[in-house]
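All heavy atoms count here, side chains included; hydrogens, waters and symmetry mates do not. Below, chain A is the first sequence line, B the second, and so on; all start at residue 1. Given the structure is predicted, the values throughout are model-derived calculations rather than measurements.
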Amino acid sequence: MRVELREQVTTIIAQIPCGRVTTYGCIAKMTDGATARSVGAVLRTLPQGHTLPWQRVVSAGGRLADHEGARRQRELLAAEGVLFDRRGRIPARFFWP
DNA sequence: CACCTGACGTGGC
DNA sequence: AGCCACGCCAGGT
């Protein structure tokens with residue numbers, strides 16, 4: 001993918017406050033031409049040792065995307081105060097712009 | 001170049 | 001609610 005795109009995406013994710021989340025689609029709209037799928041591609045190919053709060057990126061409707069780290073993601077979010085409703089979804093009040 | 005495979009979103013049923 | 005096409009696009013084979 002284009003380098004500027006990776007930079008835009010990583011920059012945005014780095015700005016998500018602790019205890020808040022945002023979606024792939026939302027990030028995509030903030031960048032210049034990215035799609036939700038390409039945002040996912042960026043997260044998938046992050047280098048080892050990065051410090052990005054990747055756990056704060058969720059799917060539309062506050063659901064967690066189905067991937068290997070989903071279990072871990074849920075723990076990290078819960079640890080920073082993000083709650084899940086009984087259907088496993090994150091309420092809108094935790095969304096960052 | 002032609003496929004295939006995803007950390008997606010939306011709309012229809 | 002759950003399932004399923006479809007559109008989308010970056011990377012790998």
J.: Please name all residues satisfying side-chain contact (heavy atoms from CB on, under 4.5 Å) with A:Glu4, sequence neighbours left out, ordered by chain then number.
T.: A:Arg2, A:Gln8

J.: If the P atom of C:dC6 is compared with that of B:dA7, how far apart are they to the nearest Å?
T.: 23 Å

J.: List in chain and number order the residues that pass side-chain hydrogen bond (donor to acceptor under 3.5 Å, both in side chains) with A:Arg6, two or more places apart in sequence or in another chain; answer none if no residue qualifies.
T.: A:Thr45

J.: What is the distance from atom CG of A:Leu64 to atom CZ of A:Arg74, rounded to the nearest 0.5 Å?
T.: 7.0 Å

J.: Check side-chain contact (heavy atoms from CB on, under 4.5 Å) between A:Ala41 and all other residues, then give those that pass, not counting sequence neighbours.
T.: A:Met1, A:Arg44

J.: Does anyone know the first and last nucleotide of DNA chain B in reach of chain A, 5' to 3', at under 4.0 angstrom to a heavy atom?
T.: B:dG6 to B:dT10

J.: A:Val21 versus A:Ile16: any side-chain heavy-atom pair under 4.5 Å?
T.: no

J.: What's touching nucleotides 1-7 of chain C from the protein side, N or O pairs under 3.5 Å?
T.:
unit_1	atom_1	unit_2	atom_2	d
C:dA1	OP2	A:Arg87	NH1	2.8

J.: With sequence neighbours excluded, what pairs up with A:Thr35 under the side-chain hydrogen bond (donor to acceptor under 3.5 Å, both in side chains) test?
T.: A:Ser38

J.: Flag this pair as yes if the NZ/CZ of A:Arg37 is under 6.0 angstrom from the six-membered ring centre of A:Tyr24 and inside a 45 degree cone about the axis; otherwise no.
T.: no

J.: For atom CG of A:Asp85, is the number of surrounding heavy atoms from other residues, nucleotides or ligands below 6.0 Å larger than 12?
T.: yes

J.: Which ones in residues 3-34 of chain A lie close to DNA chain B, meaning a heavy atom under 4.0 Å from one of its atoms?
T.: A:Tyr24, A:Gly25

J.: Using atom C1' of each nucleotide, how far apart are C:dG12 and B:dC1 to the nearest Å?
T.: 14 Å

J.: The criterion is side-chain contact (heavy atoms from CB on, under 4.5 Å); which residues satisfy it with A:Thr11, sequence neighbours excluded?
T.: A:Gln15

J.: Are A:Glu80 and A:Gln55 linked by a side-chain donor-acceptor pair shorter than 3.5 Å?
T.: yes

J.: Counting a pair only when it is Watson-Crick or G-U and both distances are under 3.5 Å, which runs of at least 3 such pairs involve DNA chain C?
T.: B:2-6 with C:9-13, B:8-13 with C:2-7

J.: Specify the residue among A:Leu43 and A:Arg63 whose closest nucleotide of DNA chain B lies further upstream toward the 5′ end.
T.: A:Leu43

J.: Distance-only criterion, 3.5 Å: show the donor-acceptor pairs between side-chain atoms of residues 87-97 of chain A and protein atoms not counting sequence neighbours.
T.:
unit_1	atom_1	unit_2	atom_2	d
A:Arg89	NE	A:Gly61	O	3.0
A:Arg89	NH2	A:Gly61	O	3.1

J.: With sequence neighbours excluded, what pairs up with A:His67 under the side-chain hydrogen bond (donor to acceptor under 3.5 Å, both in side chains) test?
T.: A:Gln73

J.: Please enumerate all residues that pass side-chain hydrogen bond (donor to acceptor under 3.5 Å, both in side chains) together with A:Arg63, with sequence neighbours excluded.
T.: none

